[in-house]
Peer 1: 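Take this structure, written in structure tokens, and hold onto it; I'll ask about it next.
Numbered from 1 within each chain, the chains take letters A, B, ... in sequence-line order.
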Amino acid sequence: MTLDTLMNILVATIAAGTPLVYAALGELIVEKSGVLNLGVEGMMLVGAISGFIVMAKTGSLLLAVSCGMLAGAIMSLIFAVLTLTLMANQVASGLALTIFGTGLSSFMGIDYTSVALKGAREIHIPFFSDIPILGRLVFSYDILVYLSLVLLALVLWFLYKTRAGLILKAIGESPRSGHALGFPVIRIRYLAVLFGGAMAGLGGVYLSVAYTPMWVEGMVSGRGWVALALVVFATWRPMRVLTGAYLFGGVTIIQFHIQGFGFEIPSQVLSMLPYLATIAVLVLISRDKKLIRLNSPASLGITFHPENN
Amino acid sequence: MVFKIEPRPVPSRQMKYFSPLIAALLMLVSGLLIFTLLGKNPVNAFYAFFIEPVNDFYGIGELFIKASPLMLIGIGLAIGFKANIWNIGAEGQLTMGAIFGGGVAIYFNGSTSFFILPGMFLAGIAGGMFWASIPAFLKIRYNANEILVSLMLNYVAVLILSLLIHGPWKDPQGYGFPQSVLFSESALLPVMVEGTRLHAGVLISFAAVGVGWIFLLRSFIGYQLQVSGLAINAASYAGFKYKKMIWIGLLAGGLTAGIAGVSEISGPIGQLLPSVSPGYGFAAIIVAYVGRLHPGGIFLSSLLMALLYLGGESAQMSLDLPSAVTGVFQGMLLFYLLAADFLIHFQIRLKSTSALKGTRP
């Protein structure tokens with residue numbers, strides 16, 4: 001393997017991991033508040049097509065990203081109303097969101113399946129981007145890759161350095177105590193779910209506008225579910241989400257290169273790798289029951305209503 | 001006058017049965033609204049979507065063909081859902097059933113033996129249950145979340161099918177298309193009603209509704225599943241083995257999905273194709289839920305969901321709307337059901353403001 005191939009793989013890995021960073025960071029905040037939203041796949045799909053349509057119509061990346069995030073947030077609002085106000089089962093509501101999002105996105109995208117996009121351009125910083133090796137590895141991505149790192153820093157700061165983050169985590173552990181202390185549990189959870197929706201939408205936009213600038217029906221192809229698995233894998237810690245996302249990015253990318261190394265492996269078997277890796281990772285992390293119990297928010301997935309307690 | 005929402009002292013039984021009807025009605029109204037917004041005449045759209053597909057004998061047959069896998073899998077999933085075991089891998093289990101059953105049909109292609117078809121079904125059941133046993137095993141042994149594992153396996157199963165029909169199982173006379181040989185007569189389910197495509201697989205689904213009713217509502221295991229779902233601690237104090245519930249909950253889905261997979265390839269499809277299901281495994285989740293996890297309800301909701309599939313196809317032809325509209329309707333149906341279920345536990349009352357003054361804020 002030449003240095004150039006290795007560089008290509010590393011750079012592509014970061015790009016492939018980025019949609020997962022967005023979606024998983026969003027879901028992490030949702031789960032920290034004690035809510036389990038299984039609709040990530042659906043929100044990503046609707047975000048992807050909304051962003052794609054706006055990009056195709058206006059050519060403005062900023063507008064595409066904003067609309068994709070808005071679309072994801074609107075989708076998550078449906079989920080929030082169902083589970084937080086109407087106290088519906090979170091698992092069923094999340095599944096409904098994914099089924100609905102899958103249908104809605106192919107419905108919205110019917111006229112856009114053969115539209116070509118210019119996509120987000122890689123930025124070029126004079127001098128820095130020209131440094132050998134380091135320049136390519138650090139300064140050669142499109143702006144959305146850097147945005148994901150900024151958001152990671154914000155999430156870290158929010159969760160570990162702010163009072164609001166502390167309240168969010170407290171509510172995820174015990175909504176009853178939070179309520180007794182006078183915190184608006186439901187309103188906080190609404191905000192968390194909306195944030196998760198916007199982030200999933202952003203992950204979707206990244207896929208359809210920057211990663212593969214085109215729209216294909218169901219193009220998220222399970223990444224929303226991988227993001228959910230990543231949150232467990234990361235034991236609800238943002239930094240580990242980043243590691244996990246790039247790890248999965250690597251598994252996705254390596255399949256395109258493995259045949260180049262002279263291995264005769266059918267493409268279908270290679271396409272299975274990310275899904276099998278997800279299962280393997282879930283098994284590895286979940287087998288330690290204590291680790292999961294210590295790290296997962298105690299009220300995760302349990303419906304809470306202040307008047308019902 | 002203001003509306004006041006208050007908890008009911010006991011959950012309403014009536015609402016439990018009314019809420020699916022409310023949901024269906026709301027879905028219908030929103031559907032017509034969407035059609036109107038898209039510039040279609042709502043009356044024509046309603047006719048094209050909900051009446052035209054089933055206004056003749058052939059159409060009724062198609063309705064039951066589509067409903068058949070949905071009710072079958074819906075029953076299987078309901079058994080798991082009762083115990084809060086979330087198998088969302090029915091799509092993959094269906095595909096695995098089709099692969100195992102299709103393998104039998106392909107290897108014995110040309111044989112006229114009576115045993116081909118039963119052999120296919122047995123193989124399909126084994127395939128579906130094998131695929132469902134993976135999340136069950138990983139959950140019991142390693143505590144891995146069955147939702148995520150069963151979902152990931154959907155993608156894997158479809159890729160295995162693709163691998164097979166692009167490779168060893170490809171029809172040599174198929175002009176290079178990724179598809180298997182057409183199954184011989186002995187590997188096909190007989191058509192039951194002249195003039196339709198209604199095949200004998202529908203009878204299996206009807207039987208499953210009956211068996212499911214006995215299993216869920218009249219058996220001790222059904223009771224154990226229900227208690228495990230409602231109160232896991234109570235179930236363990238009573239000595240019910242949760243591991244057993246996990247096995248039963250997941251394998252029931254695998255079993256029924258496996259049968260459905262074989263019914264599809266030996267019924268309406270007649271060979272192995274890259275895709276053997278238009279999302280029946282996911283739609284069956286909605287069927288089970290809208291059917292209140294009750295076999296009778298599942299029977300009815302599978303017909304409704306089948307109508308949405310047919311309506312989507314019909315809307316594509318006569319209204320020039322993408323058939324993806326089916327997924328939108330299906331998702332809405334489940335949303336509305338989950339929302340309407342609020343009324344099981346809560347009631348909305350009209351209260352005069354004067355009376356309200358006396359109450360605490």
Peer 1: Examine whether an atom of B/L138 lies under 4.5 Å from a heavy atom of chain A, and if so say whether it belongs to the side chain, the backbone or both; otherwise answer neither.
Peer 2: side chain
Peer 1: Could you check which of A/S93, A/P274, A/P266 has the highest count of heavy-atom pairs closer than 4.5 Å to chain B?
Peer 2: A/S93
Peer 1: Please evaluate residues A/F79 and A/L84 with respect to the criterion side chain to side chain contact (heavy atoms under 4.5 Å, CB included), reporting the C-alpha separation (whole Å), side-chain torsions for both, the decisive distance (0.1 Å), and the verdict.
Peer 2: CA-CA 8 Å; A/F79 174 86; A/L84 299 176; over 6 Å; no
Peer 1: Give a yes or no on whether the backbone of B/E146 and the side-chain of B/N87 come within a donor-acceptor separation of less than 3.5 Å.
Peer 2: no
Peer 1: Based on non-hydrogen pairs under 4.5 Å, which of B/F329, B/F282, B/Y142, B/F335 is most in contact with chain A?
Peer 2: B/F335
Peer 1: For the pair B/N143 (side chain) and A/S286 (backbone), establish whether a donor and an acceptor sit closer than 3.5 Å, ignoring hydrogens and angles.
Peer 2: yes
Peer 1: Given that the side chain runs from C-beta out, which part of A/T83 has a heavy atom under 4.5 Å from chain B: side chain, backbone, both or neither?
Peer 2: neither
Peer 1: Using non-hydrogen atoms only, which part of A/V81 is less than 4.5 Å away from chain B: side chain, backbone, both, or neither?
Peer 2: neither
Peer 1: Output, in order, the C-alpha distance, side-chain angles, deciding distance and verdict of side chain to side chain contact (heavy atoms under 4.5 Å, CB included) for B/L273 and B/Q179.
Peer 2: CA-CA 5 Å; B/L273 295 175; B/Q179 55 188 33; 3.8 Å; yes
Peer 1: Please look at B/I160 and chain A and tell me whether the side chain, the backbone, both or neither of the residue comes under 4.5 angstrom of a heavy atom of that chain.
Peer 2: both
Peer 1: So which of B/V156, B/V149, B/L151 has the largest heavy-atom pair count under 4.5 angstrom toward chain A?
Peer 2: B/L151
Peer 1: Need one label for A/T278: side chain, backbone, both or neither, based on atoms under 4.5 Å from any heavy atom in chain B.
Peer 2: side chain
Peer 1: With a 4.5 angstrom heavy-atom cut-off, is it the side chain or the backbone of B/Y289 that approaches chain A, or both, or neither?
Peer 2: side chain
Peer 1: Using non-hydrogen atoms only, which part of A/L228 is less than 4.5 Å away from chain B: side chain, backbone, both, or neither?
Peer 2: both
Peer 1: Looking only at heavy atoms and a cut-off of under 4.5 Å, which of B/L334, B/N84, B/L338 has the most pairs with chain A?
Peer 2: B/L338
Peer 1: Please look at B/H166 and chain A and tell me whether the side chain, the backbone, both or neither of the residue comes under 4.5 angstrom of a heavy atom of that chain.
Peer 2: side chain
Peer 1: Among B/L26, B/V290, B/I22, exactly one meets side chain to side chain contact (heavy atoms under 4.5 Å, CB included) together with B/L337. Which residue is that?
Peer 2: B/V290
Peer 1: Name the region of A/I285, side chain, backbone, both or neither, that has any atom closer than 4.5 Å to a heavy atom of chain B.
Peer 2: neither
Peer 1: Among the options B/P322, B/A144, B/G327, pick out the one with the most heavy-atom pairs lying under 4.5 Å from chain A.
Peer 2: B/P322
Peer 1: Is it the side chain or the backbone of B/I344 that comes within 4.5 Å of chain A heavy atoms, both, or neither?
Peer 2: neither
Peer 1: Using heavy-atom distances under 4.5 Å, tell me whether B/I285 contacts chain A through its side chain, its backbone, both, or neither.
Peer 2: side chain
Peer 1: Which answer fits A/I78, side chain, backbone, both or neither, if we ask what part of it has an atom under 4.5 Å from a heavy atom of chain B?
Peer 2: side chain
